[in-house]
S.K.: 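Structure incoming, see below.
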Amino acid sequence: MITIFGSINMDLIATTDRLPKPGETVAGNGFSTAAGGKGANQALAARRAGSTVRLTGAVGNDGFAEPALALLNAAGTDLSTVNHVSEPTGTALILVGGDGENMIAVVPGANGTITAERATAVVDALGPSDTLMLQFEIPVAAVETALAAAKAKGIRTVLNLAPLIPDAARLGRLADIVIANETEFERLAGQDNMSASDREAALVRLHGETGQTLIVTLGGDGVIAIRDGELSRAKGLVIEPVDTVGAGDTFCGYFAASLDQGLDFHAALRRAAVAGSLACLKPGAQPSIPVAGDVAARL
């Protein structure tokens, strides 16, 4: 089973011909809402990939709580450890440009109420065959406590270094498997403006220091990773992206589910890369996350 300890949001999405520059106002051409949050997105992706998934997090007692959980409920996700609190449900304000790129501001709300004590309880409930997946949209103390407690119990942990925070490099060393995009990996490695050869050298160096499995997503260039001293690469699909919101979360969820289901490492990378590509083809975070059959048909 996969337990995902993370955020639950409602996404408020506006589309524009292009993203604004700082201080600039541009006209929008569409608006929609979608259930989101990195924790919820990854949980839904892992569930749709076919794994048993429990999501632990928090929502408010407001009008956003039910729609934020609706797709997760419909998919059969275990939501028994989602708390309802007095703070409002978390929200994400998203601008999507005509080229599919985006800008996002997240207001934590209920997600900010998650404590280190809650993290301890989450890990206490896990068994040796479980996987714990985390991100950085809940308080740092809760993430750090969960990672340390899981390591003490021998529970496999997957940490997505998003959104990027000052403690990313330090906390990244606590996980068994780290998933980062190019910018996040530069923070982990302590080096800016990496070339492809710089990135490969940094992967080898960090892996030698920590022994961790390290995965870097590269957008249209697929993914590069290192595990057990061996570099691996996988490609997604060649597509014209419509909206990249949710693509990284789709990758994370499908990757964790693939390992949970016993796929070998390279097959898990490939399946997740294809899923991440498919997630860019439709607007909105949750509708863009493909079901397992969509991915299997393209492998």
Side-chain angles (χ1 to χ4, degrees), residues 1-7 37-57 77-78 119 122-123 125-138 140 142-165 167-181 184-185 188 203 206-207 210-217 223-228 232 234 246-273 275-276 289:
M1 184 178 75
I2 301 170
T3 292
I4 297 178
F5 189 30
S7 57
K38 297 194 72 62
N41 285 347
Q42 293 176 14
L44 184 59
R47 180 68 192 121
R48 286 182 169 178
S51 285
T52 300
V53 179
R54 175 188 295 129
L55 174 63
T56 297
T77 313
D78 181 351
V122 168
V123 177
L126 300 181
S129 63
D130 291 340
T131 297
L132 176 65
M133 187 153 63
L134 305 103
Q135 324 78 30
F136 289 144
E137 284 186 345
I138 60 174
V140 168
V143 174
E144 183 169 9
T145 299
L147 288 169
K151 183 179 287 292
K153 285 188 68 174
I155 304 294
R156 178 169 62 192
T157 53
V158 181
L159 176 64
N160 178 209
L161 297 188
L164 196 58
I165 63 170
D167 285 326
R170 179 177 67 83
L171 295 177
R173 295 199 168 223
L174 301 179
D176 298 314
I177 301 171
V178 175
I179 302 174
N181 66 20
E184 293 154 0
F185 182 69
L188 185 69
L203 278 167
L206 288 174
H207 180 66
T210 68
Q212 295 169 292
T213 297
L214 303 171
I215 300 169
V216 185
T217 58
V223 59
I224 184 171
I226 189 165
R227 178 184 180 91
D228 295 333
S232 298
D249 293 333
T250 302
F251 177 91
C252 292
Y254 266 82
F255 175 76
S258 297
L259 291 186
D260 178 65
Q261 293 159 25
L263 271 69
D264 67 57
F265 182 68
H266 187 77
L269 283 181
R270 170 65 176 157
R271 186 186 185 207
I289 292 177

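In what follows, residues are counted from 1 in the order of the sequence shown.
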S.K.: So, Lys153 side chain and Val123 main chain: donor-acceptor pair closer than 3.5 Å or not?
M.R.: yes

S.K.: Could you state the interatomic distance from CZ (Phe185) to CG (Leu206), rounded to the nearest 0.5 Å?
M.R.: 5.0 Å

S.K.: Write down the atom of Leu132, the atom of Ala150, and the distance for their closest heavy-atom approach.
M.R.: CD2-CB, 4.1 Å

S.K.: So does Lys38 get a backbone contact from the side chain of Ser7, meaning a donor-acceptor N/O pair under 3.5 Å?
M.R.: yes

S.K.: Quick check: closest heavy atoms across Leu203 and Ile226, and the distance to 0.1 Å?
M.R.: O-CG2, 3.9 Å

S.K.: So do the side chains of Gln135 and Ile4 get within less than 4.5 Å of each other, counting heavy atoms only?
M.R.: yes

S.K.: Applying side chain to side chain contact (heavy atoms under 4.5 Å, CB included), run through Leu269 and Phe265 and close with a yes or a no.
M.R.: CA-CA 6 Å; Leu269 283 181; Phe265 182 68; 3.7 Å; yes

S.K.: Show, in sequence, the C-alpha distance, side-chain angles and deciding distance for Leu126 and Thr3, and conclude whether the side chain to side chain contact (heavy atoms under 4.5 Å, CB included) test is met.
M.R.: CA-CA 8 Å; Leu126 300 181; Thr3 292; 3.2 Å; yes

S.K.: Under the criterion side chain to side chain contact (heavy atoms under 4.5 Å, CB included), I'd like the reasoning laid out for Asn160 against Val158: C-alpha separation, chi angles, the key distance, then a yes or no.
M.R.: CA-CA 7 Å; Asn160 178 209; Val158 181; over 6 Å; no

S.K.: Which value, rounded to the nearest 0.5 Å, describes the distance between Ile215 atom CD1 and Phe255 atom CZ?
M.R.: 3.5 Å

S.K.: Counting distance only, does the side-chain N/O of Arg271 pair as donor-acceptor with the main-chain N or O of Ala49 below 3.5 Å?
M.R.: yes

S.K.: Could you tell me which non-hydrogen atom of Asp264 sits nearest to which non-hydrogen atom of Ala267, and how far apart they are?
M.R.: OD1-N, 2.8 Å

S.K.: Between Glu144 and Leu171 (side chain of the first, backbone of the second, donor and acceptor by atom type, cut-off under 3.5 Å), is there such a pair?
M.R.: no

S.K.: Identify the heavy atoms of Leu161 and Ala180 that sit nearest to each other, and give their distance.
M.R.: CD1-CB, 4.1 Å

S.K.: If we only count heavy atoms from C-beta on, is the Thr131 to Leu259 side-chain gap below 4.5 Å?
M.R.: no

S.K.: Given 3.5 Å as the limit, does a donor-acceptor pair link the side chain of Glu184 with the main chain of Ala168, or not?
M.R.: no

S.K.: Could you tell me the separation between the OG1 atom of Thr77 and the CG atom of Leu44, rounded to the nearest 0.5 Å?
M.R.: 6.0 Å

S.K.: Quick one: pull up OH in Tyr254 and CD in Gln42 and give me the separation to the nearest 0.5 Å.
M.R.: 13.5 Å

S.K.: Using modelled atom types only, decide if a donor and an acceptor are shared between the side chain of Asp167 and the backbone of Arg170 within a distance under 3.5 Å.
M.R.: no

S.K.: Given Leu174 and Leu159, is the side chain to side chain contact (heavy atoms under 4.5 Å, CB included) satisfied, shown in steps?
M.R.: CA-CA 9 Å; Leu174 301 179; Leu159 176 64; over 6 Å; no

S.K.: With distance as the sole test, does Thr157 use its side chain to make a donor-acceptor pair with the main-chain N or O of Asp176 at under 3.5 Å?
M.R.: yes

S.K.: Locate the shortest heavy-atom distance separating Ala257 from Ala46; write the atom from each residue and the value.
M.R.: CB-O, 3.7 Å

S.K.: Drop me the distance from Thr213's OG1 to Arg156's CZ, to the nearest 0.5 angstrom.
M.R.: 9.5 Å

S.K.: Taking all non-hydrogen atoms of both residues into account, name the closest pair between Ala273 and Val223 and its distance.
M.R.: CB-CG1, 4.4 Å

S.K.: Could you measure the distance from the CG atom of Asp260 to the OG1 atom of Thr52? Nearest 0.5 Å is fine.
M.R.: 7.5 Å

